[in-house]
K.L.:
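Submitted below is the structure of interest, expressed as structure tokens.
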Amino acid sequence: MELIIAEKPSVARDIARVLKCTKKGDGFLYNDDYVVSWAVGHLVTLYDPEDYSKDLKKWTVESLPIIPDHIKIKAISNTKPQFDILKKLMEQSRISSLICATDSGREGELIFRYIYELAGCKKPFKRLWISSMTDAAIKEGFDSLKDGSEYDNLYNSAKCRSEADWLVGINASRAFTLRYDALLSIGRVQTPTLALIVERQKEIDAFDARDYWEVEADFDGYKGTWFDRKINDTKIFDKKHADEIVAAVRGKIAGVESVEKEEKKTPPPLLYDLTELQRDCNKKFGFSAQRTLALAQDLYEKRKMITYPRTDSRYLSDDMVPKLKSVASRLYGADAYREYAEYVLKLEKLPVTKRIVDNSKINDHHAIIPTEVKVNTSILSEDEFKVYDLIARRFLQVFYPYYVYSTTKIITLCEGHPFMTKGTTVISKGWTELNRASEKEKKEEAVLPDVKEGDTCSVKSVKSNKKKTKPPQPYNEATLLSAMENAGRFVDNEELKEQLKDSGLGTPATRAAIIERLIKVGYVSRKGKSLIPTEKGIKLIAVVPPELKSPETTGRWEKGLSSIAKGNMDTGKFMGSIKNYVTYLVKASQRPNPGVVFAAEKGRGKAYKPKGSLGKCPVCSGSVLENRKSFYCSRWRTGCKFTIWKSDFERYGIHLKGEDISRLLSEGKLENISMILPQTGEKCICDICMRDDKSGITDIKNVKRLDKV
């Protein structure tokens, strides 16, 4: 009999259904061949410092650095009952072997291995590695189980990542907190990400806006803008010069110096990985990265409509090719995609190129695409559909022809002054046919007259337009995700630049949580769609050493972790370098920096006291409480994830209070709530609705602009 351990109860139930494990036990399902049980995310964690010695509970400079000879693990107290169930099952004589069915990735591997290690289990185990939660994919996965030892290097990499983050986080946070008498949270990825935001804000603050002018002439049929040939720029910073150009060409005859026409082609975009999906959802819908991840995870786990979302690849593998038309045929069954899927299905041979299928560009999982299940968009919430719609359209787009357009550039000369005119004409929309109706199409400029080199024309009118130079834009979640993914451009070392090209700051699965963490600890605030560093965040970056805020350090770590995962580096060597780094950080924290003083923490030293239960948790029936940042379940320590973040609604100008949440929990919705669209600033009213599926997820629905109410 085999014991299968899934990462979540919902996944375990899906596996049990496929394997026909219909009998119920305490914390597991079973039949004559299998016992299916589950974790609740992480059941095991690393020791806290005080677990090694009670003296370490008190934060003191003398106790640093804290570097145990052997980092130990323990069961998380609030989910220990489920760990005990798993341990007991592992010890039963009827269980001959195990199957690891946690998420197919580095963190999923760590969840299972920590449980296995703490339980003291020595029984053999195999690995289930799947990319979608459809019944067919689960069956196929069980037909091709891998020996657990094939993933030892992945586990070693995950273990080193976990222990290194603990060592740096515990020691650096304590050291800098004690030095500056302010609670300072420091992390390997969190701090360099904050540094990016702070550096951008410095550029904005230092920016000195300048007036400039652009001279525009109407040549009786088309318009041109004066430009400086030497620097190919239209800006004129001297108003007198602009006025001189206007006076020189007004009412004069101009001649066409040159006409350049060029046909251009743009290939279809690559398939989605998680980061690109999060970027698009932020730009198009204003979703936070965390929100997009949650919706994609639901589409994967609960709806079974997309493949594994926590992927960093935008390519498919060779073995996926036979399934592509099957996926397209499923999309053909949905009205929204029938016309486009029909085009793909009628192709005699799919245009499968290296832009779509490339085994060399896949690590753990391929790109996100729809699954082969029947497409039923009616069961999706409004936000779920938005995410699924992007994925479905992108899948079909990759098989469409190039977007083809022609560009025309006319240089018109008048009294020795050159004017440039550009125009674009669409020849074939190609893959852009599938763009959402709400998206702005590529700007198609006015069709230009058919002028030829040597033609003459009169200057019908001319004017100078006053403008101002603009500072860099603050990061929003879309642009920050891009910066995190492409952190190599901030690094000078070419070898590390190449490593960061593959890994960046964090992983697709963790970047959303890093952004939320920066907001939660008070280093960053949301202002509309922008992410603005707080005074505390700016000061932290001012006091930490360069190594702690540089992507280069993360690049070295990721290079080491990647080498461990490939079996090319000894874990002892990697952890030795981390311990040396921690010792350096503790010493660096004690360097004098008298110019920086952190403001006293509001309510520091006093825990936020909930005012009492606001109602019953829709997920687990616990009590819903309030703190400064959110409304949350009292059973969060035992694994309940129900949370309503205040910041998620504040970005829409909605400030929820305890009485609002009580009404939402009891009635399921709040009607006619005033809100502001973050993309446009328009005033609206909306309903805030709790989903009927007991997921605890809230949606903003029935948005109506006030001018249309």
Side-chain angles (χ1 to χ4, degrees), residues 196 199-266 403-427 440 442-475 479 482-483 486 488-492 494 497:
L196 292 177
E199 192 59 37
R200 175 62 59 84
Q201 190 61 43
K202 283 183 179 178
E203 293 174 10
I204 295 169
D205 293 342
F207 184 81
D208 184 17
R210 296 176 63 192
D211 292 335
Y212 70 94
W213 289 262
E214 286 185 336
V215 176
E216 182 183 75
D218 185 342
F219 297 113
D220 197 16
Y222 66 97
K223 293 180 180 180
T225 304
W226 179 93
F227 71 102
D228 185 332
R229 289 187 193 268
K230 292 179 181 178
I231 58 175
N232 196 31
D233 195 0
T234 62
K235 296 184 186 70
I236 303 170
F237 289 99
D238 182 354
K239 184 178 185 303
K240 182 180 177 183
H241 185 204
D243 291 341
E244 288 172 350
I245 296 171
V246 170
V249 304
R250 179 176 284 128
K252 299 294 175 61
I253 300 298
V256 177
E257 181 182 88
S258 64
V259 179
E260 295 178 17
K261 292 187 177 182
E262 185 179 0
E263 185 176 295
K264 296 185 178 181
K265 298 179 179 180
T266 304
Y403 167 73
V404 185
Y405 60 101
S406 67
T407 61
T408 302
K409 183 170 77 172
I410 303 171
I411 305 295
T412 307
L413 202 61
C414 184
E415 298 298 310
H417 294 288
F419 290 79
M420 183 181 294
T421 307
K422 289 183 178 180
T424 302
T425 304
V426 175
I427 297 172
K440 293 181 179 178
K442 280 184 176 286
K443 186 178 179 183
E444 185 174 353
E445 298 177 31
V447 178
L448 301 178
D450 187 20
V451 297
K452 299 179 181 62
E453 186 177 326
D455 285 355
T456 59
C457 53
S458 60
V459 178
K460 186 179 179 181
S461 64
V462 62
K463 62 181 178 179
S464 67
N465 300 311
K466 184 179 178 181
K467 298 183 178 182
K468 274 186 180 291
T469 55
K470 294 181 179 180
Q473 290 294 307
Y475 280 115
T479 54
S482 294
N486 301 295
R489 71 172 185 262
F490 304 106
V491 173
D492 294 328
E494 287 302 320
K497 187 187 287 283

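Just so it is clear, the structure is predicted and the values come from calculations on it, not from any experiment.
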K.L.:
After noting the C-alpha distance and the side-chain angles of E262 and E260, does the key distance pass the side-chain contact (heavy atoms from CB on, under 4.5 Å) rule?
P.N.:
CA-CA 7 Å; E262 185 179 0; E260 295 178 17; over 6 Å; no
K.L.:
Checking K230 now: which residues fulfil side chain to side chain contact (heavy atoms under 4.5 Å, CB included) with it, not counting sequence neighbours?
P.N.:
D228
K.L.:
How far apart are the closest heavy atoms of D233 and W226, and which atoms are they?
P.N.:
O-CZ3, 4.2 Å
K.L.:
List the atom of V246, the atom of K463, and the distance in Å for their closest heavy-atom pair.
P.N.:
CG2-C, 4.1 Å
K.L.:
Please collect all side-chain hydrogen bond (donor to acceptor under 3.5 Å, both in side chains) contacts where either partner lies in residues 204-217, sequence neighbours excluded, each pair once.
P.N.:
Q201-D205, D211-K468, E214-T234, E214-K467
K.L.:
Going by side-chain hydrogen bond (donor to acceptor under 3.5 Å, both in side chains), name the pairs with one or both residues in residues 237-253, residues two or more places apart or in two chains.
P.N.:
K239-D243
K.L.:
So, taking the atom named CZ in F227 and the one named CD1 in I236, what distance separates them when rounded to the nearest 0.5 Å?
P.N.:
12.0 Å
K.L.:
Evaluate the side-chain contact (heavy atoms from CB on, under 4.5 Å) criterion for residues D218 and K223: first the C-alpha distance (whole Å), next the side-chain angles of each, then the deciding distance (0.1 Å), finally the verdict.
P.N.:
CA-CA 4 Å; D218 185 342; K223 293 180 180 180; 4.0 Å; yes
K.L.:
Taking all non-hydrogen atoms of both residues into account, name the closest pair between T412 and C457 and its distance.
P.N.:
CG2-SG, 4.4 Å
K.L.:
Is there a side-chain contact (heavy atoms from CB on, under 4.5 Å) between I245 and F419 once you walk through the steps?
P.N.:
CA-CA 11 Å; I245 296 171; F419 290 79; 4.3 Å; yes
K.L.:
Can you list the residues that meet the salt bridge (charged side-chain N to carboxylate O under 4.0 Å, His left out) rule with K265, with sequence neighbours excluded?
P.N.:
none
K.L.:
My understanding is that only residues two or more places apart in sequence, or in another chain, count here; which of them pass side chain to side chain contact (heavy atoms under 4.5 Å, CB included) with A247?
P.N.:
none
K.L.:
Show the nearest heavy-atom pair for residues Y405 and V426, with the distance to one decimal.
P.N.:
CB-CA, 4.1 Å
K.L.:
Can you list the residues that meet the side-chain hydrogen bond (donor to acceptor under 3.5 Å, both in side chains) rule with K460, with sequence neighbours excluded?
P.N.:
none
K.L.:
D455: which residues meet the side-chain hydrogen bond (donor to acceptor under 3.5 Å, both in side chains) condition with it, sequence neighbours left out?
P.N.:
none
K.L.:
Got P472 and R200 here, is their nearest side-chain heavy-atom distance under 4.5 Å?
P.N.:
yes
K.L.:
Please name the pair of heavy atoms, one in C414 and one in V459, separated by the smallest distance, quoted to 0.1 Å.
P.N.:
SG-CG2, 3.8 Å
K.L.:
How would you list, by chain and number, every residue that makes a side chain to side chain contact (heavy atoms under 4.5 Å, CB included) with S458, sequence neighbours excluded?
P.N.:
D220, I253
K.L.:
For K264, which residues count as a salt bridge (charged side-chain N to carboxylate O under 4.0 Å, His left out) partner, sequence neighbours excluded?
P.N.:
none
K.L.:
For T421, what residues pass the side chain to side chain contact (heavy atoms under 4.5 Å, CB included) criterion, not counting sequence neighbours?
P.N.:
Y222, I410, L448
K.L.:
Measure across V215 and A242 and return the closest heavy-atom pair with its distance rounded to 0.1 Å.
P.N.:
CG2-O, 3.8 Å
K.L.:
I'd like to check the salt bridge (charged side-chain N to carboxylate O under 4.0 Å, His left out) partners of E415; sequence neighbours left out, ordered by chain and number.
P.N.:
none
K.L.:
Are T407 and K422 packed together at the side-chain level, in the sense that at least one heavy-atom pair is separated by less than 4.5 angstrom?
P.N.:
no
K.L.:
Going through the checks in order, is the side-chain contact (heavy atoms from CB on, under 4.5 Å) test met by K452 and V256?
P.N.:
CA-CA 7 Å; K452 299 179 181 62; V256 177; over 6 Å; no
K.L.:
Atom CD1 in I204, atom OH in Y475: separation rounded to 0.5 Å?
P.N.:
9.5 Å
K.L.:
To the nearest 0.5 angstrom, please state how far the CG atom of D450 sits from the NZ atom of K261.
P.N.:
5.0 Å
K.L.:
For E257, what residues pass the side-chain hydrogen bond (donor to acceptor under 3.5 Å, both in side chains) criterion, not counting sequence neighbours?
P.N.:
R229
K.L.:
Roughly how far apart are Q473 CD and T479 OG1, rounded to 0.5 Å?
P.N.:
9.0 Å
